[in-house]
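Letters A, B, ... mirror the listed sequences (proteins, then strands); counts begin at 1. In what follows, every heavy atom counts, from backbone to side chain, and hydrogens, waters and symmetry copies are set aside.
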Amino acid sequence: MEAGRRSVSGWTVANVVVVLYAMVPVLWIASLSFKDPSTFTDGSFIPRKWTLGNYAGIFTNADFVRGLVNSIGIGLISTFVAIVFGTMAAYAVARLTFPGKRLLIGVSLLIAMFPQISLVSPLFQIERALGLFNTWAGLILPYITFALPLTIYTLSAFFREIPWELEKAAKMDGATPFQAFWQVIVPLAAPGMVTTAILAFIFCWNDFLFAISLTSSDAARTAPATISFFTGSTQFEDPTGSISAAAVVITIPIVIFVLFFQRRIVAGLTSGAVKG
Amino acid sequence: MAEIVLDHITKRYADGTVAVDDFDVRIADHEFVILVGPSGCGKSTTLNMIAGLEDITEGELRVDGRRMNEKAPRDRDMAMVFQSYALYPHMTVRENIAFPLKLAKMGREETQERVERAAGLLDLAPYLDRKPAALSGGQRQRVAMGRAIVRDPKAFLMDEPLSNLDAKLRVQMRTSISRLQKSLGTTTVYVTHDQTEAMTLGDRIVIMRAGLIQQIGPPQELYDHPRNLFVAGFIGSPSMNVVPARLEEGLLRTPIGDIPLRGRLGRAAEGPDVPRDVIAGIRPESFEDASLVHDAEEGGTFTGTVDLLESMGPEKLAYFTLDTGAVRSEHLSEAGGEEAGEECRLVAQLDPKSGARRGQPVRLWYDTQAVHLFHPKTGENLTER
Amino acid sequence: MNGAASGRASASRGASRAKGRALTEGQRAERRLGLWLCAPAAIIMVVVTGWPIVYSVLLSLQRYDLRFPEDKAWIGLSNYATVLSSEVWWNAFWVTLLITVVSVAIELVLGMLLAFAMYRAIVGRGLIRTVVLIPYGIVTVAAAYGWKYAWTPGTGWLAGLLPGGSAPLTERGPAIAIIILAEVWKTTPFMALLLMAGLAVVPEELLRAASVDGASLWQRFTRVTLPLMKPAILVALLFRTLDAFRIFDNIYVLTNGSQGTGSVSISAYHNLIGGLNLGIGSTMSVLILVTVAIIAVVFILGFGTAAPGSER
Ligand SMILES: Nc1ncnc2c1ncn2[C@@H]1O[C@H](COP(=O)(O)OP(=O)(O)OP(=O)(O)O)[C@@H](O)[C@H]1O
Ligand SMILES: [Mg+2]
């Protein structure tokens, strides 16, 4: 009884520590975003004078709004393509024997470990030559490439958990291979696909290096890159408020994903990593 | 309903394993055929070839005279019940049973009607709207059966459908499968490694070992006339006793006494290439407590000390140790008889009225005409050729 | 009608069996399907990385500065000589290595604690698992600005805790420490999740058996849990090491590489995009790639890390 209560309070302390660890830096930037510009330099953790002006500012800033649109569009398209192609490949890896399977696994592993900077210089040149520089496609291509290993690993781990006999049963019940895949495998793999899509989207949403290297204007510059340009552009105006407000805005989708899909994200990250 | 012919079928896997070798059986319409054998002998592979889930390497599969080798599973019109039941976890019982009909694009009303009928037949009506996860093992098994019978296929293929159930439920389901098959009359191929299931269910049994058919026949025939040592050891519970024996002039010398070579034993001894040292087999059921047998009955007797006595109710099992080395044969170890030790063990099934006691000597009578003689190398039953 | 007795059939067809590894129709169909399904993913991955890598090697062998395009010429390995004899490069290299080693080491310890908390917590397990994902998911740049302002004198709540007048981000040592802090904060949750997956493979019975045998908590951890978790730990370390080695976003925002705090990625970026020197930038890219490959090989061959995906 006594020991039980002590360990409960012990865990409560641990929870508090973890929550503080995770939330304090996030709350700090949120607090900054609500501070009135006149109080930026008071160094206080909690705003002394609240304002929504910073948010009003960034949403009237055409560059940032455009950056958000770019981020969402590029992120969704990349995620969609990566999931479609990744599902196909993951299914093949998990279920079929064919030559070159190990090679595919090896290549995606290499890409997962690949230093993105090594692609920046050649892609910069190649995309300029092909007219892809500073376009959505110019970012979507590398994003798909780097999201694919993740999708293939995570999804093939999910596929492997679906008993093979279900597919055989579907064939015996009169299904074509496509019907078996679409009516039996996909519904069962759907949670895995949602998870994987979230992870892939977080990856695209997060990217900064490609976003600043392969763009030159707001035609394709994504939100994180746009934020980094707040600094230099307006000399006479303190960008602290806009930057922190923008940082909060681009964090919100992540927080929503995390709150709704916590279990799945954890399952996805761990299944791909250990079994994959 | 269909006649299924497996015409010299062979399966070789990509890694070179020959899982099924020259399998040649004609399964008649309405017949209930059991494939039985130890683990890894190729039963599932054979079934999967009939189903179309595995390619046939050599030979031909014909259903009602038409070649099926190249047909996809869905074009063969057969239903399969899997060991794990393979119920679709995202569908309710109703949707599971209706799935084959949905794929066949059957109308809503007829689907409804057929599902209800199948559910009624299997006592599943109260569970139709549950998901498989909320069912017991026996109920899941019945849903799997329901999915098989609902579309009235040409044949049922079942791969150890009862092996995930507990002993009691297994016996229950065994009877209901048998009854169901008889009433529907659908040709059925049933895989099991359990010899009791094989004996009780099938019209005919196909015994396999390492990819090769050992014997085909009705259960009683396999029991009475096993073609070789493997079949003899596999069919029957407890397994047939085997003892080393020696053929001498007019006599078979065994650790349980000398047996005159008369009748079928005499004919067996006179056959070609019969070695002097043979293996004698006698079923536990062929023994009886000598005090309960009328002297008039012909047979041998043997006195031994009871090591262990098991009272089963309708019978008693008495265990003995003979003072000869045990018979060792690959044909036996694979048949799944109990692991033979150094000594030669003997089991006798006695009448419950027998006065045998543990640790006490008892005189046993046995039917000398029920003795089988086996070739020690090939395992062939010399009394049956 | 009757089956063959044992053994008879096998001999006669031995000949046909010897030659027979030929693929059946089904196997061929399966191969074809497998290749078709993989083709789009494989093509994209190879086209987007394969050709650029080759191209990058070619660029590294040229004098190629976009500001002076007419000076473009093949110069063999002299870019490599330039980079490898440059103090800036080596400084960036050691800084990267330092950040990598220190942050991964801290992450391993913190991550292990966090993994235990997430795995064993009897109260609030869902809460911990949820909040921990926020640092993982948050846009690195957004978090980096948070850290930057926190340490900016006057503005920041953390800077205010320091002795008056100090501006940590403008001094090399403290700046690197802050970079490490930002990196650790962001990636410890990921490490913890990977380690938690490893914890899950340790059978509960084994731990119970060990405690019945009289092992203390610490002994159970070092003698039972750690050895069983070793594969998971190594995979987590491999991933995080490679990931830390390519650190870019945090440094870009926090110091942009000033005061000798730049990583190799930052140096390469500055040469490429800032300096428009494709030759030198590409040389650095190739060197980073080689270093990453060496780290991976050391982990896989040296520590016996199972390459993820090499299951069974
Ligand atoms: N895909 C495969 N590739 C190679 N060999 C295989 C394959 N599938 C099965 N085998 C081999 O073929 C043989 C027969 O396998 P099968 O599954 O038919 O046995 P079984 O009689 O059903 O056994 P059990 O009672 O254990 O289910 C075994 O030796 C098995 O190892
Ligand atoms: Mg089997």
Distance in Å, [X] [atom1] paired with [Y] [atom2], rounded so as to fall on 0.5 Å steps:
| X | Y | atom1 | atom2 | result |
| --- | --- | --- | --- | --- |
| A:Leu148 | C:Met45 | CG | CE | 5.5 Å |
| C:Asp249 | A:Ile212 | CG | CD1 | 8.0 Å |
| A:Met113 | C:Leu238 | CE | CG | 4.0 Å |
| C:Ile138 | A:Trp205 | CD1 | CH2 | 12.5 Å |
| C:Leu272 | A:Ser121 | CG | OG | 4.5 Å |

Give, as side chain, backbone, both or neither, the part of [X] having an atom under 4.5 angstrom from any heavy atom of chain A.
| X | result |
| --- | --- |
| C:Trp185 | both |
| C:Met118 | neither |
| C:Val141 | side chain |
| C:Leu195 | neither |
| C:Val292 | side chain |
| C:Phe116 | backbone |
| C:Ala143 | neither |
| C:Leu37 | both |
| C:Ile273 | side chain |
| C:Leu133 | both |
| C:Pro40 | both |
| C:Leu276 | side chain |
| C:Leu113 | neither |

Is it the backbone or the side chain of [X] that comes under 4.5 Å from a heavy atom of chain C, or both, or neither?
| X | answer |
| --- | --- |
| A:Thr39 | neither |
| A:Val24 | side chain |
| A:Ile254 | side chain |
| A:Leu141 | both |

The complete set of salt bridge (charged side-chain N to carboxylate O under 4.0 Å, His left out) pairs with one or both residues in residues 231-244 of chain C, sequence neighbours excluded, reads C:Glu107-C:Arg240, C:Glu183-C:Arg240, C:Arg240-C:Asp243, C:Asp243-C:Arg246
Search all heavy atoms of [X] against all heavy atoms of [Y] and return the closest pair with its distance.
| X | Y | result |
| --- | --- | --- |
| A:Ser118 | C:Ser285 | OG-O, 2.9 Å |
| C:Tyr149 | A:Thr240 | OH-CA, 3.5 Å |
| C:Ser56 | A:Pro122 | CB-CG, 3.6 Å |
| A:Leu119 | C:Pro52 | CD2-CB, 3.6 Å |
| A:Tyr21 | C:Val184 | OH-O, 3.4 Å |

Looking at A:Trp11 and C:Ala117, would you say the former's side chain and the latter's main chain have a donor-acceptor pair under 3.5 Å? no
[Y] and [X], any side-chain heavy atoms less than 4.5 Å apart:
| X | Y | result |
| --- | --- | --- |
| A:Pro115 | C:Leu289 | yes |
| A:Phe124 | C:Ser282 | no |
| C:Cys38 | A:Phe98 | yes |
| C:Val48 | A:Tyr143 | no |
| A:Pro25 | C:Trp147 | yes |

Residues in residues 123-132 of chain C near chain A [non-hydrogen atoms, under 4.5 Å]: C:Val123, C:Gly124, C:Gly126, C:Leu127, C:Ile128, C:Arg129, C:Thr130, C:Val131, C:Val132
Just so I understand: if I count every heavy-atom pair under 4.5 Å between each of [options] and chain C, which residue has the most?
| options | answer |
| --- | --- |
| A:Val120, A:Ile265, A:Ile202, A:Ile111 | A:Ile111 |
| A:Phe146, A:Phe114, A:Phe208, A:Phe261 | A:Phe208 |
| A:Thr87, A:Leu104, A:Thr151, A:Val248 | A:Leu104 |
| A:Ala30, A:Pro99, A:Ala112, A:Pro142 | A:Pro99 |
| A:Met23, A:Gln116, A:Gln125, A:Arg95 | A:Gln125 |

Count the heavy atoms of every other residue, nucleotide or ligand shown that sit under 6.0 Å from CD1 of A:Ile46, and state whether that count exceeds 12. no
Decide yes or no on side-chain contact (heavy atoms from CB on, under 4.5 Å) for A:Ile117 and C:Met284, but give the supporting numbers first. CA-CA 9 Å; A:Ile117 185 74; C:Met284 289 181 169; over 6 Å; no
For each of [options], tally heavy-atom pairs with chain A at distances under 4.5 Å, and name the one with the top tally.
| options | result |
| --- | --- |
| C:Leu278, C:Val264, C:Leu33, C:Val54 | C:Leu278 |
| C:Leu66, C:Leu59, C:Val253, C:Val286 | C:Leu66 |
| C:Ile295, C:Leu242, C:Leu287 | C:Leu242 |

Out of C:Thr49, C:Val47, C:Val46, which residue meets the side chain to side chain contact (heavy atoms under 4.5 Å, CB included) rule with A:Thr145? C:Thr49
Qualifying ring-ring contact (aromatic ring centres under 6.0 Å, His included) pairs with a residue from residues 267-292 of chain C, counting only residues at least two apart or across chains: C:Phe248-C:Tyr269, C:Tyr252-C:Tyr269
What verdict does the side-chain contact (heavy atoms from CB on, under 4.5 Å) test give for A:Leu199 and C:Tyr136, after you've listed the backbone C-alpha separation in whole Å, the side-chain angles of each residue and the deciding distance to 0.1 Å? CA-CA 11 Å; A:Leu199 296 181; C:Tyr136 159 79; 3.6 Å; yes
Considering residues at least two apart in sequence or located in another chain, which fulfil the side-chain contact (heavy atoms from CB on, under 4.5 Å) criterion with A:Thr97? C:Glu30
